[in-house]
Amino acid sequence: MEYYQPEIETASREELDKIQNERLRKIVKYVYDRVPLYRERMDEAGVKPEDVHGTEDLYKLPFTQKQDLRDTYPFGMFAVPMEDVERLHASSGTTGKQIVVGYTKNDLDTWGSMVARQLVAAGLTKKDKVHVAYGYGLFTGGLGIHEGARRLGCTSIPVSSGNTARQLAIMQDFGSDALACTPSYAMYLGESAQKAGIDTSKLPLRAGIFGAEPWTEEMRKSIEKSLNIKAYDIYGLTEIMGPGVAYECSAQKGMHVNEDHFIIEILDPETHKPVPDGQKGEIVFTCLTKEAFPLIRFRTKDIGTITHEKCSCGRTFVRMSKPMGRTDDMLIIRGVNVFPSQIETVLLQMEQSPNYQIIVDRQGVLDTLEVQVELTEEKFSDTVADISKFEKELTEKLKSLLGIAAKVTLVDPGTIARSEGKAKRVIDRRKLI
Ligand code: DLL
């Protein structure tokens, strides 16, 4: 069995506990001294850094969530001055504004080795060429995998996302050994390869490093067949580290969480108390080593389970399940996080009726997003030319805010069903879980 850092990936529970306890004490003091939000929250809760001796005291610490990042936008929760920040990344927040995170040089080094662990767990070595088709840019996927491939000594092929014909040509001509992208894009690449008559069994490609969105075992099988590879799941989120938080090994029975850098808790979303292994709850992470942007007890809103059972691969890190849903309304469409409230923001900016409905579907292997917007009586009486101008403007605004294209369908006033309780804004016809 190959590991990237065997001494830590197979460390005993006692050693891991010791590392976590020491690092937790240090990071709690670090954030208390450097980030006003933590100092205020901890003072309010009557907790001092010295009250936290180890993971058994985690429950004393206040939670953080996406809203905190929005409230302190852009850099209010950074723990180092900007001169020590080597890179910024961002992702969408619940309304128009992005949330921003930062990495110091050491953070980028750690990130690289965590992703390198994933690549080794997927059977890669420095001899391999890693085709990175996650988006490069503020999204953590592209540059995160890139950092890991670099760290392991692989040859990176930084293709970024899009332009499927070119992706396939590169895969054939350069001989990519591994493909890293969202599972839905991998499905699309597989389907396109078949359509183009490419015999994937003749390609060197043998592993896929897929994550950033929910995907099923059926999708895994279908990708493995069409691309003739073994597909591995990886999990991460912008706020914590992007890809590099948890990864599958050859056993493929859950994702190992990099416990020397993160503590995972599974909490009952109502009581906030830990649930036993195997029971569903909200996934909460604490960063143990990050310098620029260490989050303590960050509520991911992802629902999942963990197990401490021994894994046949020899790794001792706890394993988390695939996320089984979310406690909020975040949708992931073609790998992009979309909140219904972002759409509402655009409509309100354009002084439109707040009656809308979002329809997410899957055509072939691609997610589709349609926004049905009810015209106001006033707009309805406009000329056809005016209405079509409005439709165009709305389409453009949505695209620029969401980062993906949505089909806008304007409907007559009063036609979107009114609800007596919570409005049902989203109809998701994809079968993902
Ligand atoms: O998606 C980071 C990432 C990039 C992970 C590349 C893996 C590979 P965000 O855009 O902030 O970050 O989205 C994070 O995506 O809270 C989950 O809901 C979802 N997610 C991420 N990985 C998986 C996965 C990146 N393997 C949000 N399975 C998370 C299911 C996933 N959902």
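At a threshold of 4.5 Å between non-hydrogen side-chain atoms, the residues F339 and L331 do not count as touching. In this structure, the side chains of V130 and D177 stay at 4.5 Å or more apart for every pair of heavy atoms. At least one side-chain heavy atom of R87 sits under 4.5 Å from a side-chain heavy atom of L108.
Using a 3.5 Å distance cut-off with no hydrogens or angles, the side chains of D199 and S201 do pair a donor with an acceptor. Remark: the S184 side chain and the E213 side chain contain an N/O donor-acceptor pair separated by less than 3.5 Å. Using modelled atom types, one finds a donor on one side chain and an acceptor on the other under 3.5 Å when comparing Y356 with E344. For Q167 and H131, the side-chain atoms include at least one donor-acceptor pair closer than 3.5 Å. Judged purely by distance below 3.5 Å, without hydrogens or angles, the side chains of E370 and T409 pair a donor atom with an acceptor atom. Counting only N and O atoms by type, the side chains of D71 and Q67 include a donor and acceptor under 3.5 Å apart.
Taking 4.0 Å as the cut-off between side-chain N and carboxylate O, K105 and D109 count as a salt-bridged pair. At a threshold of 4.0 Å, the pair K60-D57 counts as salt-bridged, since one of the basic side-chain nitrogens sits closer than that to a carboxylate oxygen. Of the charged side-chain nitrogens involved, at least one lies within less than 4.0 Å of a carboxylate oxygen, so that R430 and D367 count as a salt-bridged pair.
Residue pairs meeting the salt bridge (Lys or Arg N to Asp or Glu O under 4.0 Å) criterion with at least one member in residues 266-277: none, sequence neighbours excluded.
With sequence neighbours excluded, the residues that form a side-chain contact (heavy atoms from CB on, under 4.5 Å) with T200 are A193, L203, L227, N228. Shown here are the ring-ring contact (aromatic ring centres under 6.0 Å, His included) partners of Y235, two or more places apart in sequence or in another chain: there are none. With sequence neighbours excluded, the residues satisfying ring-ring contact (aromatic ring centres under 6.0 Å, His included) with H272 are F63. The salt bridge (charged side-chain N to carboxylate O under 4.0 Å, His left out) search around E217 returns R220, not counting sequence neighbours. Annotation: ring-ring contact (aromatic ring centres under 6.0 Å, His included) contacts of H89 (sequence neighbours excluded): Y103, W111.
Only one option out of Q279, K280, R319 pairs with T305 in a side chain to side chain contact (heavy atoms under 4.5 Å, CB included); it is K280.
Stacking of R117 on the aromatic ring of Y3 is not recorded, the 6.0 Å distance cut-off and the 45° axial limit not both being met.
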